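Because only heavy atoms are used, hydrogens play no part in the values below, and waters and symmetry mates are left out as well, while side chains stay in. Treat the numbers as computed from the prediction; the structure is a model and nothing was measured.
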Amino acid sequence: MPIPVGINGLGRIGKMVCLQMLAQPDVYSIKAINATSLNATEISDYLTYDSSHRYDRSVCKNVEIVNDSLVRINGNEIHLFKDRDARNLKWRSVGVQFVLECTGAYLTTEKGAMHDVDYVIMSAPPKDPDITPTFIYGVNHEEYRGQKIVSASSCTTNCMGPMMKLVSDAFGVESVNFTTIHATTGSQSVVDVINKKNRTHRSIINNMIPHSTGAAKSIFRVMPELSGKVWGTSVRVPCINCSLLDINITCEDKTANLEAVKDLLNKHELFGEVYHLNEKMLTSVDFMTTTTPTILDGIASMDFKPGSFKLMLWYDNEWSYSAQCLRIMKSMHQHNKHIERSVRGRVSPKISPNNSIVNLASLNGVARELNPAKILNLDSKLALKSLKLGGKNVVARFDFNVPVDNGKVMDDFRVRASLPSINHILEQKPNRVVLVCHFGRPKGKDKKNSVEFLVPILAGLLKREVKFLGDGVSQKTVDALAAAKDTNGAIYLLENIRFHAEETKFDPESDVSKMYQSLGDAMIADCFGCVHRNHMSVCHLKGAGKQHGYGFLIEQEVEAISTLLRSDGKKVLGIMGGAKIADKQPMIECLCKMPSTRIFVGGGLTRGFDKFMPSTPHSVILARDAYGAADFESPATYMPDIAKTGGGGFDCGPQGLRDLMAMIDAADVIFWNGCLGVIEDPRYRVGSAMIVDYLLAQTGKQIIIGGGETASLFAGKEAEHIYLSTGGGALLAHIQSSVLGSPTVPGLAPFSL
């Protein structure tokens with residue numbers, strides 16, 4: 001079946017993708033076009049005639065006008081929209097699955113989500129590059145994992161990216177500088193105009209105009225290994241179309257040369273689709289309406305010294321870029337169809353708890369009283385809202401340990417969860433705020449674990465400048481802060497606190513600990529995900545003449561857990577999943593000690609459960625069926641009794657889900673920690689996703705989600721009755737200390753009454 005597509009905006013790129021899709025009716029089906037200034041009677045001429053391109057015009061000459069809002073072109077029945085507000089565009093109602101966003105007005109994930117459609121592809125670099133992922137066909141398209149809103153980057157990056165991947169993979173790259181000699185675009189002026197901020201206000205007709213380019217930054221988004229190695233600029237020239245990229249590369253491998261690049265190009269599997277080689281005396285007009293974005297001009301290119309050379313790359317900045325956008329869309333569609341085929345036959349979305357085999361009445365154990373003295377009470381005098389921080393130098397510890405994949409932040413939930421505390425501190429007008437966090441588990445200073453990548457994310461969320469303290473806890477940092485003499489709420493981010501061994505081997509008398517205390521006169525902690533660690537920045541808060549306190553996040557987390565612990569006779573359900581029973585056994589035993597509590601155990605925890613807990617507690621129900629296979633490469637199969645297959649499938653089966661839904665229905669308070677399947681594989685994400693939807697539909701229940709991967713399942717699906725914790729291990733440790741009467745976790749001890 002052809003891919004059902006909608007086009008938002010019928011400017012140059014919108015027109016090019018439209019023409020190319022009309023010529024491929026077996027691959028693409030254009031369902032709708034949103035073009036506010038184009039009438040049905042004008043479409044035929046607009047598509048048939050073009051000042052730049054040579055193409056088969058027969059596909060767009062015979063336009064049948066059904067009415068003012070519906071036309072038929074080459075087998076495509078196309079609905080015409082005329083609305084500048086994406087929220088008013090009814091893409092789904094006419095069968096659109098993919099929207100090619102070609103207006104340039106919806107270049108963030110937040111704005112892209114205004115489109116009522118499954119998938120959005122931006123035909124420009126995103127304005128929120130830390131949120132919206134970028135994919136370039138021939139560079140990183142194979143990394144696509146089902147994201148709904150993506151960017152296809154820019155025309156220049158689509159030319160440079162494939163070549164940089166070819167060279168980098170073969171020879172390694174030391175440095176790159178480039179100039180893109182770019183044809184004029186629709187944003188430039190025909191004659192000189194005023195009130196413009198750059199030189200493109202001058203006439204394009206008789207000028208070569210130096211201009212900026214975002215291609216260097218964009219290339220880092222698809223090839224993070226090139227970060228800090230690529231620099232470039234642009235010159236706009238008076239050509240209507242086709243551009244030339246002049247790129248100078250120095251390789252790590254000094255045997256690299258132009259002939260070796262040509263040889264790699266000719267043998268590449270994408271030669272003729274993404275790459276091409278020109279060995280003729282051609283000029284820009286000869287590359288008009290070409291579909292390959294990276295055309296090496298073998299004659300104009302040259303070697304410099306060993307391992308260093310100049311490459312001249314032609315690209316049609318309209319037609320070949322549009323072809324790249326379509327290739328990305330096609331590869332996304334193929335990926336998604338493959339996943340759909342893999343999960344076909346899995347659990348029916350109409351599954352219900354009606355035929356659960358669980359005898360809920362038999363699970364009603366004897367109610368036990370929990371000692372109220374074991375439930376943590378925070379000292380309200382140390383709450384952030386009670387502290388006076390005006391004119392102070394504040395040091396605030398947060399948990400910004402976000403998941404990162406190939407240089408991209410996959411989920412900024414932990415950063416966003418800190419914003420209420422940071423903004424409250426800033427509202428009190430301190431002299432400065434030093435934000436402290438860790439990232440990963442580095443052993444000493446390790447550049448790949450630097451937290452500098454968080455600076456633009458924080459600056460964007462706070463809408464304030466954030467300065468980076470790259471020397472961490474050091475005398476140089478102390479001196480720099482003293483010299484700054486901040487009085488207006490300056491914001492700093494300290495380098496990864498775990499670069500210092502003293503952070504994890506906490507000694508209050510160490511020089512680093514004393515220096516850390518000297519960074520400010522008010523110490524705030526709001527890093528709930530770390531409170532189970534006896535670490536310097538988490539526990540070393542009290543000091544002579546210093547204020548200390550806890551932020552809103554810690555306050556909310558402790559209150560949420562108190563809801564679970566002070567159940568007051570309510571029925572509690574613990575849903576425990578994950579990969580290793582050894583990690584969750586203490587928590588399961590802990591929940592078994594809580595009054596009126598039942599536990600459902602699924603995921604990899606069922607594997608070897610009998611070994612760790614030979615006598616299954618009366619209040620525990622195990623998932624007995626699953627979907628799985630011998631390995632992740634094999635097709636998913638149904639296992640009606642995992643006990644007879646060696647235990648442990650890769651996702652919860654239908655009977656287990658029915659049992660769990662019945663237990664959810666019977667519970668008043670629900671605590672979920674650990675996914676029910678291997679959610680990295682879409683085939684085995686189904687069970688967890690169904691329980692997410694089932695919990696979202698509940699009313700009158702208190703639901704606590706225990707951080708980590710479990711919380712990530714709820715991304716973009718927050719609900720008032722569901723509390724998403726930022727702490728996985730910290731949450732479990734705090735619950736265990738409360739139930740079992742063990743000492744308060746280290747990071748909360750400074751605040752307890």
Nearest atoms (heavy-atom pairs only) where Thr109 meets Asp128: N-OD2, 2.9 Å

Matching residue for Met21 among Ile7, Val27, Ile3 - test: side chain to side chain contact (heavy atoms under 4.5 Å, CB included): Ile7

Any pair counted as salt bridge (charged side-chain N to carboxylate O under 4.0 Å, His left out), so long as it reaches residues 315-326, sequence neighbours left out: Arg12-Glu318

CZ (Arg416) with more than 12 external heavy atoms under 6.0 Å: yes

ring-ring contact (aromatic ring centres under 6.0 Å, His included) between His141 and Phe135, worked out: CA-CA 5 Å; His141 68 277; Phe135 295 100; 9.2 Å; no

Atom CD of Glu110 with >12 non-hydrogen neighbours under 6.0 angstrom: no

Verdict with reasoning, Lys467 to Glu465, per side-chain contact (heavy atoms from CB on, under 4.5 Å): CA-CA 7 Å; Lys467 304 173 185 177; Glu465 180 186 9; 3.9 Å; yes

Parallel, tilted or perpendicular: ring planes of Tyr684 versus Phe650, cut at 30 and 60 degrees: perpendicular

Between Trp314 and Asp297: side-chain donor-acceptor atoms closer than 3.5 Å: yes

Nearest atoms (heavy-atom pairs only) where Glu680 meets Pro682: O-CD, 3.6 Å

Aromatic ring proximity, centroids under 6.0 angstrom, Phe309 and Phe304: no

Verdict with reasoning, Ser168 to Met223, per side-chain contact (heavy atoms from CB on, under 4.5 Å): CA-CA 10 Å; Ser168 180; Met223 296 184 67; 3.9 Å; yes

Minimum-distance pair of heavy atoms, taken over all atoms of Gly472 and Thr477: O-OG1, 2.6 Å

Single hit among Trp319, Tyr321, Tyr315 for side chain to side chain contact (heavy atoms under 4.5 Å, CB included) with Asn317: Tyr315

Side-chain donor-acceptor pair present, Glu495, Ser450, cut-off under 3.5 Å: yes

Trace of the side-chain hydrogen bond (donor to acceptor under 3.5 Å, both in side chains) decision for Asp303 with Asn257: CA-CA 6 Å; Asp303 284 308; Asn257 57 34; 5.4 Å; no

With sequence neighbours excluded, residues passing side chain to side chain donor-acceptor pair (under 3.5 Å) with Thr134: none

Lys/Arg-Asp/Glu bridge criterion (N-O < 4.0 Å) met for Lys505, Glu502: no

Intermediate values then yes/no, side-chain hydrogen bond (donor to acceptor under 3.5 Å, both in side chains), Thr185 and Ser187: CA-CA 5 Å; Thr185 66; Ser187 64; 3.0 Å; yes

Counterpart residues, side chain to side chain contact (heavy atoms under 4.5 Å, CB included), relative to Ser154 (two or more places apart): Pro125, Thr156, Thr157

Leu426/Ile491 under side-chain contact (heavy atoms from CB on, under 4.5 Å): CA gap, chis, key distance, verdict: CA-CA 9 Å; Leu426 294 173; Ile491 307 171; 3.8 Å; yes

Closest non-hydrogen atom pair between Ser243 and Ala183, with its separation: OG-N, 3.0 Å

Worked check of side-chain hydrogen bond (donor to acceptor under 3.5 Å, both in side chains) between His535 and Arg397: CA-CA 11 Å; His535 289 178; Arg397 173 61 156 102; 5.2 Å; no

Pairs involving residues 445-455, ordered by first then second residue, that meet salt bridge (charged side-chain N to carboxylate O under 4.0 Å, His left out) (sequence neighbours left out): none

Pairwise distance NE2(His333) to OH(Tyr144) - rounded to 0.5 angstrom: 11.0 Å

Salt bridge present between Glu503 and Lys443 (N-O < 4.0 angstrom): no

Heavy atoms of other groups near Lys310 NZ, more than 12 under 6.0 Å: yes

Residues Ser308, Asn248; criterion side-chain contact (heavy atoms from CB on, under 4.5 Å); working and verdict: CA-CA 7 Å; Ser308 181; Asn248 303 308; over 6 Å; no

Closest non-hydrogen atom pair, Ile328 against Ile121: CG2-CD1, 4.4 Å

Salt-bridge contact Glu101-Lys111 (side-chain N to carboxylate O under 4.0 Å): no

From CG (Leu553) to CG (Asp399), nearest 0.5 Å: 8.5 Å

Residue pair Leu100 / Cys325: nearest heavy atoms and the distance that separates them: CD2-CB, 4.5 Å

Ile247, Val176, Leu245, Asp246 screened by side chain to side chain contact (heavy atoms under 4.5 Å, CB included) with Leu311, the one that passes: Ile247

Residue Lys476 excluded, over 12 heavy atoms near NZ under 6.0 Å: no

Note, Val150 side chain near Tyr119 side chain (heavy atom, < 4.5 Å): no

Carboxylate-amine/guanidinium proximity below 4.0 Å for Lys267 and Asp263: yes

Neighbour count >12 (heavy atoms, 6.0 Å) for atom NZ, Lys262: yes

Residue pairs involving residues 445-466 (criterion ring-ring contact (aromatic ring centres under 6.0 Å, His included); sequence neighbours excluded): Phe439-Phe453

Summary of side chain to side chain donor-acceptor pair (under 3.5 Å) pairs that have at least one residue in residues 216-231, sequence neighbours excluded: Asp130-Arg221

